There are 2 protein chains.
Amino acid sequence: MPVTTTGQKRLQRPPRVTIGQLADALGLAKGTVSRALNDYPDISESTRLRVKRAAQRMGYRPLSHAQAIRTGRTRSLGLVLQSDVHDGMRPFLAEFLSGLTQEASREGWTLTVSTAPSEAELAGVLRRLVEEHKADGFVLPRTMIEDPRVALLRALGVPFVLFGRTGDGRGCSWYDILGEEAMREAVLRLASFGHRRIAFVNGGNRYNYSVLREAGYRAGLREAGLAEAPELMRRDALTPQEGAAATRALLALPEPPTAIVFAVDMAALGAWPVAAELGLAIGRELSVIGYDGVPEGALARPSLTSFDVDTKRAGERLAHLLIRQIRGEEAEALRETERARLREGGSDGPPELTSSELARRLRALRQHVTRTDGRMT
Amino acid sequence: MPVTTTGQKRLQRPPRVTIGQLADALGLAKGTVSRALNDYPDISESTRLRVKRAAQRMGYRPLSHAQAIRTGRTRSLGLVLQSDVHDGMRPFLAEFLSGLTQEASREGWTLTVSTAPSEAELAGVLRRLVEEHKADGFVLPRTMIEDPRVALLRALGVPFVLFGRTGDGRGCSWYDILGEEAMREAVLRLASFGHRRIAFVNGGNRYNYSVLREAGYRAGLREAGLAEAPELMRRDALTPQEGAAATRALLALPEPPTAIVFAVDMAALGAWPVAAELGLAIGRELSVIGYDGVPEGALARPSLTSFDVDTKRAGERLAHLLIRQIRGEEAEALRETERARLREGGSDGPPELTSSELARRLRALRQHVTRTDGRMT
DNA sequence: ACCGTTGCCGAAACCGGTTTCGGAAGTCAC
DNA sequence: GTGACTTCCGAAACCGGTTTCGGCAACGGT
């Protein structure tokens with residue numbers, strides 16, 4: 001008895017049936033039973049059936065960790081979350097997990113979740129899980145342009161799948177939503193409403209999606225025959241506060257935009273308090289389109305026009321792709337993308353003011369008493 | 001080679017150092033090394049030190065699943081989430097997981113997460129995890145008054161810890177926030193503002209917290225010297241929609257409440273659209289207090305007065321308690337509770353209207369054109 | 001000098017599976 | 001009827017740890 005564990009209670013779990021007992025009951029060697037259950041070709045069809053039926057009847061289930069010691073496979077997927085990130089992922093975490101685990105358990109796999117307190121510690125946590133072989137492969141959410149996790153797992157030869165794409169995609173498999181298409185569609189929609197000055201507020205600039213979404217915004221402008229204006233592009237807005245700051249800055253321009261496309265819903269929601277403060281009617285005097293489909297967007301008045309992302313499905317597909325990769329399929333052949341679906345809200349529409357009219361309104365407002373808004377609870 | 005797995009890639013992980021290699025390097029038997037690392041008393045202090053240093057230097061880490069086959073312990077905690085629940089838990093899932101995993105990994109444990117598509121399947125999913133021994137113990141969130149998960153795990157003799165209390169608490173350990181105290185405090189606060197008719201909108205009535213919070217509301221009324229009124233108590237409001245319906249019903253009473261205490265923030269948020277619709281100023285003409293501290297509450301205008309729950313800490317404590325229980329401590333000795341902390345917002349305050357004045361205002365409004373609000377996107 | 005402890009470690013069994021190897025029986029061709 | 005080839009299964013090794021058991025050496029007491 002180890003000193004540190006004195007007094008441990010004896011676990012008295014329900015008597016599990018082991019492969020040895022199953023073999024005895026059948027009058028077979030346990031190796032034979034194992035091969036029968038794993039569909040080895042050197043077992044006759046009749047005994048295979050007999051074994052499987054008996055296993056079913058006796059309720060035999062192999063212990064995955066007992067198998068792992070020989071096979072090297074735990075039949076579990078790993079997921080490392082970064083706990084200090086407060087962005088769009090979080091509202092969907094439950095659905096994401098649900099997708100991952102449901103698809104995993106369909107195949108008899110499980111999900112091992114861990115968190116890293118900061119980005120710097122992500123690789124360390126990951127490395128520990130790999131060393132202790134807690135998972136056969138990993139799902140990497142929120143991919144960055146240069147992603148240390150990718151570098152690490154690639155170097156270690158551990159299977160992984162990305163939720164999102166990345167700069168150097170060699171040997172990577174992924175599932176992603178085409179955010180660039182959504183941004184393009186958003187610009188074209190606004191242009192068709194008659195908007196001429198359409199701003200873009202990007203998310204975190206180290207994330208891979210930000211390059212793509214910006215490219216989509218640009219493509220949309222080009223197709224709509226609108227010129228790019230550097231002052232209409234801002235970045236690093238992930239929270240309502242940051243979104244509000246970006247909105248304020250854009251509206252302070254000599255030629256303010258009449259519409260703003262946000263790469264991230266949570267930032268887009270920052271436009272509401274600013275509009276209220278300036279007396280602008282969102283959807284008519286200032287159009288806003290977001291991306292993510294967060295539930296808060298539907299609650300806002302007017303509701304936020306956004307692009308729904310089916311996060312549960314993402315989880316399902318990622319689990320599926322990862323399991324296939326672990327089973328030996330080529331990583332680069334396992335790539336899937338999907339389009340986001342526009343969810344029309346009340347936050348965008350034909351502009352009731354031109355940019356210069358808007359500028360005049362805002363200038364007039366600044367002459368007046370600036371309403372101090374003390375309540376920031 | 002099994003038929004179904006033909007073509008599997010050979011995993012070529014970095015060469016792990018095994019206990020055998022460590023033993024060879026030290027010129028010791030592997031059993032000796034094992035006992036040294038696990039602090040058996042029959043190993044001399046000097047060799048124990050020598051072994052531990054060498055293990056450190058060579059980067060040896062035991063495979064938990066290799067140990068599990070003999071010890072029966074996986075060193076992993078299990079968590080089964082119910083994926084069809086859209087209640088207050090979800091915004092905090094990330095923090096909850098973060099707390100659980102951080103505390104677990106401090107002790108070298110991991111977290112295995114699974115989801116059940118519905119309440120009915122919860123027990124089945126749990127049973128499967130127990131049978132395959134995917135976890136040494138389980139964390140059960142959202143406890144119900146009669147909880148089938150508790151019955152199952154109790155019968156199987158598997159350690160578990162509750163987030164919340166339950167009807168029959170024999171042999172249970174738990175961590176919980178004293179929601180009843182919060183509700184009591186809410187009522188007393190409103191009473192001290194001068195409110196005389198204080199309503200209560202409860203959450204799901206099968207959850208254990210609902211009995212407690214209702215009891216707290218009643219206790220608050222008693223202490224404030226106010227009479228209970230059955231028509232002022234409603235239940236089963238978990239979403240903004242359900243909260244809105246409850247609010248509407250309460251305000252349609254002959255003697256409407258001037259303040260409403262909600263057991264769940266997400267339901268409380270349903271009061272905002274209703275107030276807007278009826279032209280009532282929340283915080284002055286109708287006071288609202290919630291519970292949970294969801295981020296949406298801080299975003300609402302005026303912001304929702306609520307009780308913050310430190311979900312990350314809950315995760316940490318739960319993991320801690322569960323690990324101790326698995327290590328053999330008595331379950332009933334492992335119980336912790338904590339108070340929720342009031343977060344003052346702008347949604348409550350002294351009533352500017354009495355109940356009868358409020359009733360008159362609302363009656364007058366109903367005479368006018370009822371504003372149709374078609375936009376429910 | 002002898003015997004009983006005690007401290008410390010090696011050897012081997014063990015956990016519950018998987019995989020390799022070899023051989024017994026059956027089949028087929030000649 | 002013999003040899004070669006299959007088919008199918010048993011036996012045993014193996015995976016990486018833990019735990020039991022027994023024995024050697026040193027020590028203490030008389």
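Heavy atoms only: backbone and side chains are in, while hydrogens, waters and symmetry mates are out. For clarity, every value in this text was computed on a predicted model and none was experimentally measured.
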Between C:dT19 atom P and A:Arg73 atom CZ, what is the distance in whole Å?
10 Å

Do B:Ser64 and A:Lys134 get their side chains close enough for a donor-acceptor pair, meaning under 3.5 Å?
yes

Write down the distance between NE2 (A:His133) and P (D:dG16), rounded to a whole number of angstrom.
12 Å

Is any side-chain nitrogen or oxygen of A:Tyr60 closer than 4.0 Å to OP1 or OP2 of C:dG17?
yes

Rounded off to whole Å, could you give me the CD-to-P distance for the B:Glu132 and C:dG17 pair?
11 Å

Atom-pair distance (CG on B:Asn38; C1' on D:dG17), nearest Å
10 Å

Can you tell me how far P of D:dG16 sits from CG of B:Leu37, to the nearest Å?
16 Å

Is a donor from one side chain sitting under 3.5 angstrom from an acceptor on the other, for B:Thr47 and B:Arg50?
no

Lys/Arg-Asp/Glu bridge criterion (N-O < 4.0 Å) met for B:Asp136, B:Arg73:
no

Taking the basic N atoms (NZ, or NE/NH1/NH2) and the acidic carboxylate oxygens, is any pair closer than 4.0 Å for B:Asp147 and B:Arg165?
no

Under 4.0 Å protein heavy-atom contact, by nucleotide of nucleotides 8-15 of chain C - B base, S sugar-phosphate only:
BBB---BB

Interatomic distance, A:His65 NE2 vs C:dG16 P [rounded to whole Å]
9 Å

note: A:Ile19, atom CD1; C:dT19, atom P; distance rounded to Å ~ 11 Å

Output the rounded distance in Å from CG (A:Leu63) to P (D:dG16).
18 Å

According to side chain to side chain contact (heavy atoms under 4.5 Å, CB included), who are the partners of A:Arg53, at least two apart in sequence or on a separate chain?
A:Leu49

Please determine whether a side-chain nitrogen of the Lys or Arg among A:Glu107 and A:Arg327 lies less than 4.0 Å from a carboxylate oxygen of the Asp or Glu.
yes

